[in-house]
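One structure is given below, encoded as structure tokens.
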Amino acid sequence: MAALLLLNRVSRTTSSISLHRVAGALGFDSLNAQIHGGRISGTLFRVRSLATLAEGASRYDEMLSVNQRKFYLLGGKGGVGKTSCAASLAVKFASHGHPTIVVSTDPAHSLSDSFSQDLSGGVLKPVQGVDSPLLALEITPEIMKDEIKRQTGDKSVKNMMDSMGLGMFAGELGDLNLEDMLNAASPGIDEIAAISKVLQFMEAPEYSRFTRIVFDTAPTGHTLRLLSLPDFYDSSISKITKLKKKITAAASAFKSVFGKKEKQQQELPNELDQLKERMEKVRNVFRDANTTEFVIVTIPTVMAINESSRLHASLRKENVPVHRLIVNQLLPQSESDCKFCSMRRKEQTRVLGLIQNDTELSGLKLIQSPLLDAEIRGVPALKFMGDLIWK
């Protein structure tokens, strides 16, 4: 809770830091990114019989036509190609005129590798090679901690407790060192940092021009924890607020017994109340079908499909909108007599049948993405992949 309150304070005061650093670079001169000699050809990406793989179109026109801001979260089991799918979607949006931000919430970032550009450092950086504004961010909790230290200045926790309206506990915690708190391993710190960034994108006016925000999320467990954080902290804050009121009432009654009457003062909103309101905003955004969509990414294996089914059940329980399922790394048809390839295709066809019979996944729009014979790295390759998936 303390870590979130600290990050909450920073998210309200430092939202312009990273954007101003890249404001001068928003011209986005198109660059011819080099991929294996700077070309994308049929010999580099051999995809056969794509007509059979594209039967389930993603209906990208629906995703493109909405002018209001939309959040897209792509998630699923580790190693299924979430980063490539998220990066290709961000490039597709930017190529169609939507100013876009793509954010990695995975502690093991891959955005820099996917774009073949250095996007590290925990600040928004422009992606080179696209004609419209596309910014990328790899969330780094360590950078957030440094910003907190710069903003607070005071090494004690007393002032922070006073700002939350919990000054009565300051005596117990006044000797606690702020730096020790920040350096301690905090469970869920990556998710807290991600929530802080979502709040910045929602509230800071300098981000209002960006109409598409794409999240490359961490593997399933981390993502579910991220989506459940607003509810968890809302409940925790409510309990703390009730406890504070009880203690304040008891203290007032005790003082009145000894004839020490306090002047009636209108209680001002404290930082805890403000945080509760902001958590409600995030929760409402995650559950609003008009502003948010979660896209599940998987591969054609029984284990991955089973996890995707459980993921969709959890998202449905959290009321997070889900409409699309990407099945990545499908082997294209081939006329070769490769026995291994034939067996793999047969198994993948069987797994696709499991999706159709799965009560959680059968109602989603199925997007089939082929396995390519080269690694997807750099903007031209992501454009190529985007044209295969998002259509």
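For this chain, numbers begin at 1 and follow the sequence in order. Everything numeric in this text was worked out from a predicted model, so none of it was measured.
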request  = Starting from the C-alpha separation in whole Å, work towards a yes-or-no answer on side chain to side chain contact (heavy atoms under 4.5 Å, CB included) for Ser110 and Glu138.
outcome  = CA-CA 9 Å; Ser110 299; Glu138 293 182 339; over 6 Å; no

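- To the nearest 0.5 Å, atom CD of residue Gln368 and atom CD1 of residue Ile389 are 12.0 Å apart.
- Under the 4.5 Å side-chain contact rule for hydrophobic residues, Leu325 and Met303 do not share a cluster.
- Rounded to the nearest 0.5 angstrom, Ile299 CD1 and Ser369 OG are separated by 12.0 Å.
- Within the 4.5 Å cutoff, the side chain of Leu366 has heavy atoms near those of the Gln356 side chain.
- Residues Leu74 and Asp216 form no side-chain contact, since every pair of their non-hydrogen atoms from C-beta on lies 4.5 Å or further apart.
- The shortest side-chain heavy-atom distance between Val297 and Val80 falls under the 4.5 Å cut-off.
- Heavy-atom minimum distance, Gln348 versus Leu331: OE1-N, 2.9 Å.
- Two residues are said to be in side-chain contact when any heavy atoms from C-beta on lie closer than 4.5 Å; Pro370 and Leu388 meet this criterion.
- Here His98 contributes atom NE2 and Thr211 contributes atom OG1; the two are 5.0 Å apart, rounded to the nearest 0.5 Å.
- Scanning all heavy atoms of the two residues, the minimum distance from Ser112 to Asp118 falls at OG-C, 3.9 Å.
- Counting heavy atoms from C-beta outward, Glu62 and His323 have side chains that stay 4.5 Å or more apart.
- When side chains are defined from C-beta on, Trp390 counts as touching Ile326, because their heavy atoms get closer than 4.5 Å.
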key: side chain to side chain contact (heavy atoms under 4.5 Å, CB included) evaluation trace for Leu361 with Ser308   = CA-CA 8 Å; Leu361 304 178; Ser308 298; 4.3 Å; yes

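- In this structure, the side chain of Lys125 engages the main chain of Ser120 through a donor-acceptor pair within 3.5 Å.
- Salt-bridge formation is detected for the pair Glu347/Arg350: a Lys NZ or Arg NE/NH1/NH2 atom is positioned less than 4.0 Å from an Asp or Glu carboxylate oxygen.
- Taking all atoms of both residues into account, the shortest heavy-atom contact from Arg69 to Phe210 is NE-O, 3.0 Å.
- Between His312 and Glu360, the side chains place a donor N or O and an acceptor N or O closer than 3.5 Å (distance only, hydrogens not considered).
- Summarising the geometry of Arg212 relative to Gln68, their closest heavy-atom pair is NH1-O, 3.0 Å, with the distance given to 0.1 Å.
- Closest non-hydrogen pair, Ala136 versus Leu119, comes out as CB-CD1, 3.6 Å.
- Put simply, the side chain of Arg345 gets close to the backbone of Pro332: a donor and an acceptor are under 3.5 Å apart.
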ask   = Going through the checks in order, is the side chain to side chain contact (heavy atoms under 4.5 Å, CB included) test met by Asn328 and Met385?
value = CA-CA 11 Å; Asn328 198 19; Met385 183 178 183; 4.3 Å; yes

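- Within the model, atoms OG of Ser88 and CZ of Phe93 stand 10.0 Å from one another, a figure rounded to the nearest 0.5 Å.
- Aromatic ring orientation, Phe201 versus Tyr207: perpendicular (interplanar angle above 60°, classes split at 30° and 60°).
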inquiry  = Walk me through whether Thr100 and Ser132 qualify under side chain to side chain contact (heavy atoms under 4.5 Å, CB included).
reply    = CA-CA 8 Å; Thr100 303; Ser132 296; over 6 Å; no

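- Taking CG from Asp387 and NZ from Lys92, the interatomic distance works out to 4.0 Å, rounded to the nearest 0.5 Å.
- Interatomic distance, OG of Ser84 versus CZ of Arg377, reported as 10.5 Å (0.5 Å rounding).
- For an aromatic pair to be called close, the ring centres must be under 6.0 Å apart, and Phe294 with Phe71 fails this.
- Judged by distance alone, the side chain of Ser65 and the main-chain N or O of Asp61 form a donor-acceptor pair under 3.5 Å.
- Between Leu137 and Leu135 there is no side-chain heavy-atom pair separated by less than 4.5 Å.
- Residues Leu352 and Leu330 meet the side-chain proximity criterion, which asks for heavy atoms closer than 4.5 Å.
- Here the side chain of Thr301 pairs a donor or acceptor atom with the backbone of Ala304 at under 3.5 angstrom.
- Residue Leu134 forms a side-chain contact (heavy atoms from CB on, under 4.5 Å) with just one option from Val214, Val379, Val102, and that option is Val102.
- The two atoms that bring Leu311 and Gly76 nearest to each other are CD2-CA, 3.9 Å, heavy atoms only.
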